[in-house]
Amino acid sequence: MNDQIRRNLALFPIGIVQKLTDLTARQIRYYEQHQLVYPARTEGNQRLYSFNDVERLLEVKKLIEQGLNIAGIKTVLGTAKTASELLPISEKEQAKMVKEVKRDLSDRELRDLLKKEILHTHKPGLKGMQHNSFNAGDLSRFFH
DNA sequence: GTTCTGACA
DNA sequence: TGTCAGCA
């Protein structure tokens, strides 16, 4: 039996995963609802997680702690219909994606601002916006 | 004893 | 997200 298979064996019930990830059962189920993980089920419909699932959850946790919401996490980690479709993503790739997403969002935010300015050309209040200056290095600011 | 789904603050 | 209900 090779590692690939061993890592995908559904072994742990949610209680164990809670301890392994420091996430609450509520959170773990919530992330599943949003297709961030795909745990197997027993005949009794109880979730069983593999090592891969646990790793995946740790990635999710990391991004949550960075302030990203579900949409942002999906953008970085990607989605799949089944656990077997989940492709590992290196830290380097991840960092790269975060950077790209960050730039895209910055651009979008910029366009939105321009649009607003154009729409409100006759309104005097631009002071508020300038206060909303963006931190180019903070992705979470856009994915909240 | 544990987990599951649904629902509400 | 936390938490509670009512089951399996």
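So you know, we letter chains A, B, ... as the sequences are listed, proteins then strands, and number each from 1. Quantities reported herein were computed from a predicted structural model and do not represent experimental measurements.
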Checklist entry - With side chains defined as the heavy atoms from C-beta onward, is the minimum distance between A:R41 and A:Q46 less than 4.5 Å? => result no
Next on the checklist: I want to confirm an ordering. Mapping A:I64 and A:Q46 to their closest nucleotides on DNA chain C, which one lands closer to the 5' end?
Outcome noted: A:I64
Checklist entry - So, does A:R56 use its side chain to make a donor-acceptor pair with the main chain of A:L36 at under 3.5 Å? => result yes
Checklist entry - Which residue, A:Q33 or A:P13, contacts DNA chain B at a nucleotide closer to its 5' end, judged by nearest heavy atom? => result A:P13
Next on the checklist: With a 3.5 Å limit on both atom pairs, tell me what C:dC7 is paired to, counting Watson-Crick and G-U wobble, or say none.
Outcome noted: none
Checklist entry - Has A:R47 got a side-chain N or O lying under 4.0 Å from the OP1 or OP2 atom of B:dC4? => result yes
Next on the checklist: Once hydrogens and angles are ignored, does a donor-acceptor distance under 3.5 Å link the base of C:dT3 to the side chain of A:R26?
Outcome noted: yes
Checklist entry - Within this structure, what is the CZ-to-C1' distance between A:R29 and B:dT2, rounded to whole angstrom? => result 10 Å
Next on the checklist: Could you tell me how far apart A:Y30 (OH) and B:dA7 (C1') are, to the nearest whole angstrom?
Outcome noted: 15 Å
Next on the checklist: What is the distance, to the nearest angstrom, from the CD atom on A:E43 to the P atom on B:dT3?
Outcome noted: 18 Å
Checklist entry - Rounded to whole angstrom units, what separation is found between the CD1 atom of A:I28 and the P atom of B:dT2? => result 15 Å
Next on the checklist: Test of understanding: clusters of I, L, V, M, F, W, Y form through side-chain heavy atoms closer than 4.5 Å, transitively. Do A:I16 and A:V60 belong to the same one?
Outcome noted: yes
Checklist outcome for this item: Separation of B:dC4 atom P from A:E32 atom CD, nearest Å, is 8 Å
Checklist entry - How close or far is atom C1' of B:dT3 from atom CG of A:L11, stated in whole angstroms? => result 17 Å
Next on the checklist: Within the 4.0 Å heavy-atom criterion, would you say A:G15 contacts the bases, only the backbone, or no part of the nucleic acid?
Outcome noted: sugar-phosphate
Item to check | Length of the line joining A:R41:CZ and B:dC4:C1', which is rounded to integer Å | outcome: 8 Å
Next on the checklist: Using only atom types and a distance under 3.5 Å, with no angle test, would you say the side chain of A:K61 pairs donor to acceptor with the backbone of A:D22?
Outcome noted: no
Next on the checklist: Are A:F51 and A:Y31 linked, directly or through intermediate hydrophobic residues, by side-chain heavy-atom contacts shorter than 4.5 Å (ILVMFWY only)?
Outcome noted: yes
Checklist outcome for this item: The nucleotide from C:dG2, B:dT2, B:dT5 with an atom nearest the side chain of A:T24 is C:dG2
Checklist entry - For B:dT3, which nucleotide in any strand shown is its Watson-Crick or wobble partner with both distances under 3.5 Å? => result none
